[in-house]
2 protein chains.
Amino acid sequence: MDSLEIEPSLNFCQACAVRNRAICADLDEDELGLLNAIGRRKRLQAGEQLLWEGDDAIIVANVVEGVLKLSTQTADGREQILGIVYPSDFLGRPFGETTPYGVEAITDAQVCVFRRTDFDRFAREHPRLEHKLLERTLAELDRTRRWMVLLGRMNAEQKLATYLVETAERLIPANCKESELGDERSLTLPLSRQQMADVLGLTIETVSRHMTKLKNDGLIGLPGRRELTINSLKALAERGG
Amino acid sequence: MDSLEIEPSLNFCQACAVRNRAICADLDEDELGLLNAIGRRKRLQAGEQLLWEGDDAIIVANVVEGVLKLSTQTADGREQILGIVYPSDFLGRPFGETTPYGVEAITDAQVCVFRRTDFDRFAREHPRLEHKLLERTLAELDRTRRWMVLLGRMNAEQKLATYLVETAERLIPANCKESELGDERSLTLPLSRQQMADVLGLTIETVSRHMTKLKNDGLIGLPGRRELTINSLKALAERGG
DNA sequence: CGTTCGGTTTGACCGAAATCAATGACGTCG
DNA sequence: CGACGTCATTGATTTCGGTCAAACCGAACG
């Protein structure tokens with residue numbers, strides 16, 4: 001091992017937690033080495049901002065670990081969260097001039113960042129990567145459009161029920177591999193009440209009230225502020241319309 | 001019948017109204033010929049459905065002329081429009097199993113349709129096309145996310161003002177090339193009141209009431225049901241928050 | 001052990017938009 | 001032309017979620 005600087009980075013992608021799920025999944029070893037050369041790991045603490053809305057789009061990134069939010073400010077200063085990203089998700093705006101949303105770590109996180117211009121060039125030269133990125137973007141567009149239905153047509157209870165079900169589905173497989181007995185789930189919510197409100201287009205009070213209501217109706221349990229148990233995923237999903 | 005819909009091929013793309021704006025823009029003549037071979041023109045009447053939500057994703061298409069809506073039904077039977085597409089826009093779900101939304105022509109329209117499997121293969125073999133598609137999808141995702149702010153955080157008046165401004169901006173350059181005197185615009189609305197409600201996550205009554213209010217406030221004129229004049233685009237945009 | 005502080009819950013009240021209902025305008029077709 | 005059907009407007013009322021305000025709770029700290 002003649003160079004501690006280069007060698008470790010070469011193995012880096014191969015050891016990456018999201019190696020097989022992120023956009024790099026289809027690359028061969030050579031390509032991975034090239035990609036690795038232009039990227040670097042970055043650790044973020046909960047609350048730390050990675051990108052600011054409206055800034056020049058200088059970087060893009062892959063999420064390796066943790067949860068981050070994409071959000072934008074309204075003219076009157078409120079926030080609308082545009083998306084929550086999880087490990088293996090891609091973020092930032094390739095082929096674009098400006099970053100269309102702010103990115104902030106919600107939990108401690110690790111991301112693999114690239115200078116946008118480097119990434120753009122690499123993508124154009126490697127159609128397999130670009131294809132992966134396209135598939136991911138199409139899937140993200142589908143998800144975003146489904147979220148429009150939530151924002152446009154659901155009432156507060158439906159929004160909340162839908163959010164809790166989706167969160168459970170995105171979080172449980174990672175935390176606990178074996179399928180739980182029956183329909184029950186228990187998890188730690190990644191978002192505060194205020195953040196949930198910002199995702200759902202509600203206020204914190206409305207979120208709180210309906211959480212209590214769902215609890216009183218016996219659909220969920222709230223052993224702690226961030227703790228959630230779902231008594232019946234199916235019943236909860238039904239509340240989501 | 002079918003022979004009337006399939007028009008003679010080779011020169012077709014070159015004469016296409018959206019040749020330089022759609023995803024085919026970067027293709028050379030040979031590629032265009034190949035693409036042309038797998039696509040065909042289809043005319044749609046206003047109200048005609050091109051794709052049904054949940055169906056197998058058999059076709060994708062480019063909009064050549066007219067306006068179409070992408071929409072989905074909520075569990076209780078109401079509709080949420082997910083997007084409005086205009087000439088040169090792409091629609092359908094490449095690389096996907098099922099169509100995630102219904103597509104219906106709002107005006108008479110012409111589209112250039114491809115069997116999805118043909119299109120997918122062609123795209124994978126022609127990175128320039130795939131790149132165009134990626135750029136378009138990224139732009140569409142940005143637009144969709146901005147719409148989330150409208151749905152999640154704006155009141156009825158802001159939604160309506162924002163929608164009218166955006167419609168004017170997307171429609172005017174096409175209809176009338178020279179820039180209008182100052183700030184005034186006049187156009188024919190592509191959507192009915194009900195459709196506007198479905199785009200904005202409102203009811204028809206609320207749309208109607210706020211249209212009247214904007215008129216009474218002197219921001220717009222309504223010479224007919226589908227006719228709109230904007231007295232000051234700037235003032236109207238300010239109402240949009 | 002009490003204090004403090006941020007996040008959360010709960011309550012009282014209000015207002016914007018939905019709902020229910022009636023009327024009005026317009027195009028079309030006999 | 002007149003009758004009908006569709007779409008749009010207007011009005012009355014209700015309801016859901018927002019706003020303002022107060023109480024609450026748990027963690028961190030002196």
Side-chain angles (χ1 to χ4, degrees), chain A residues 46-47 69 74 76-80 106-107 149-164 188-217 220-228 239-241, chain B residues 45-47 69 74-81 106-107 150-164 188-217 220-228 239-241:
Chain A
K69 66 172 189 186
T74 58
D76 58 342
R78 288 175 306 165
E79 185 172 45
Q80 173 69 50
I106 281 178
T107 65
V149 179
L150 177 143
L151 291 174
R153 289 299 185 202
M154 288 186 186
N155 64 30
E157 184 174 81
Q158 293 172 318
K159 287 179 178 181
L160 206 44
T162 304
Y163 168 74
L164 293 178
T188 300
L189 294 167
L191 304 190
S192 69
R193 295 288 186 272
Q194 182 60 59
Q195 288 168 333
M196 288 170 62
D198 292 335
V199 173
L200 300 173
L202 297 171
T203 59
I204 185 174
E205 294 95 329
T206 302
V207 170
S208 183
R209 270 186 253 277
H210 285 276
M211 287 290 273
T212 306
K213 181 162 184 296
L214 289 174
K215 187 183 68 179
N216 292 340
D217 291 357
I220 62 172
L222 296 169
R225 294 176 163 201
R226 288 293 183 112
E227 300 310 311
L228 173 74
R239 286 282 176 116
Chain B
Q45 292 185 306
K69 66 172 188 187
T74 59
D76 58 342
R78 288 175 307 166
E79 184 172 46
Q80 171 69 49
I81 293 185
I106 281 177
T107 64
L150 178 143
L151 291 173
R153 291 298 187 202
M154 287 187 186
N155 63 30
E157 182 174 85
Q158 293 173 318
K159 286 179 177 181
L160 206 44
T162 303
Y163 167 75
L164 293 177
T188 299
L189 293 167
L191 303 192
S192 69
R193 296 288 187 271
Q194 181 60 59
Q195 288 168 333
M196 288 169 60
D198 291 335
V199 173
L200 299 173
L202 298 170
T203 59
I204 185 174
E205 294 96 330
T206 302
V207 170
S208 183
R209 271 186 251 276
H210 285 276
M211 287 290 274
T212 306
K213 180 164 184 297
L214 288 175
K215 186 183 70 179
N216 291 341
D217 291 357
I220 61 173
L222 296 169
R225 292 178 164 201
R226 289 292 183 113
E227 300 310 312
L228 173 74
R239 287 282 175 117

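These numbers come from a predicted model, not from an experiment. Here is how names work: the chains are called A, B, and so on, in the same order as the sequence lines, proteins then strands, and each is numbered from 1.
Exactly one of A:V199, A:L151, A:D198 qualifies for a side-chain contact (heavy atoms from CB on, under 4.5 Å) with A:Q80. That residue is A:L151.
A straight line from CD1 of B:I204 to C1' of C:dC20 spans 14 Å, rounded to a whole angstrom. The separation between A:E205 atom CD and C:dC13 atom C1' is 13 Å, rounded to whole Å. Here C:dA17 presents its P atom at 16 Å from CE of B:M211, a figure rounded to the nearest Å. Distance, B:L200 CG to C:dA17 C1': 13 Å, rounded to whole Å. Atom CZ of B:R78 is separated from atom P of C:dA18 by 9 Å (rounded to the nearest Å).
Note on A:S192: only backbone sugar-phosphate atoms sit closer than 4.0 angstrom, heavy atoms only; bases stay farther off. Within 4.0 Å (heavy atoms only), B:Q194 reaches sugar-phosphate atoms of the nucleic acid but no base atom.
Checked by atom type and distance alone, the side chain of B:R193 pairs as donor or acceptor with a backbone atom of B:R225 at under 3.5 Å.
Among D:dG17, C:dT9, C:dA17, the nucleotide with an atom closest to any side-chain atom of A:S208 is C:dT9. Of the candidate nucleotides D:dA8, C:dT19, D:dA21, D:dA8 has the atom lying nearest to any side-chain atom of B:R226. If you check D:dG18, C:dA16, D:dG11 against the side chain of A:R209, the one that comes closest is D:dG18.
For C:dT10, the OP1/OP2 oxygens have a side-chain nitrogen or oxygen of A:T212 closer than 4.0 Å. Remark: A:R193 is in phosphate contact with C:dT9, judged by side-chain N or O atoms under 4.0 Å from OP1 or OP2. Taking 4.0 angstrom as the limit, A:H210 places none of its side-chain polar atoms (N or O) nearer than this to OP1 or OP2 of D:dC16. Here A:T206 does not reach the OP1 or OP2 of D:dG17: none of its side-chain N or O atoms lies under 4.0 Å away. The shortest distance between the side-chain N/O atoms of A:R225 and the OP1/OP2 oxygens of D:dG26 is not below 4.0 Å. Side-chain N/O atoms of A:T203 include none lying less than 4.0 angstrom from OP1 or OP2 on D:dG17.
The existence of a salt bridge linking B:D217 and B:R239 is confirmed by a sub-4.0 Å separation between a basic side-chain nitrogen and an acidic carboxylate oxygen.
A donor and an acceptor atom, one from each side chain of B:T188 and B:E227, are located under 3.5 Å apart.
Contact of the A:H210 side chain with the A:L200 side chain is not registered, since no non-hydrogen atoms from C-beta on lie closer than 4.5 Å.
Within 3.5 Å, no donor on the side chain of A:E157 pairs with an acceptor on the base of D:dC16, nor the reverse.
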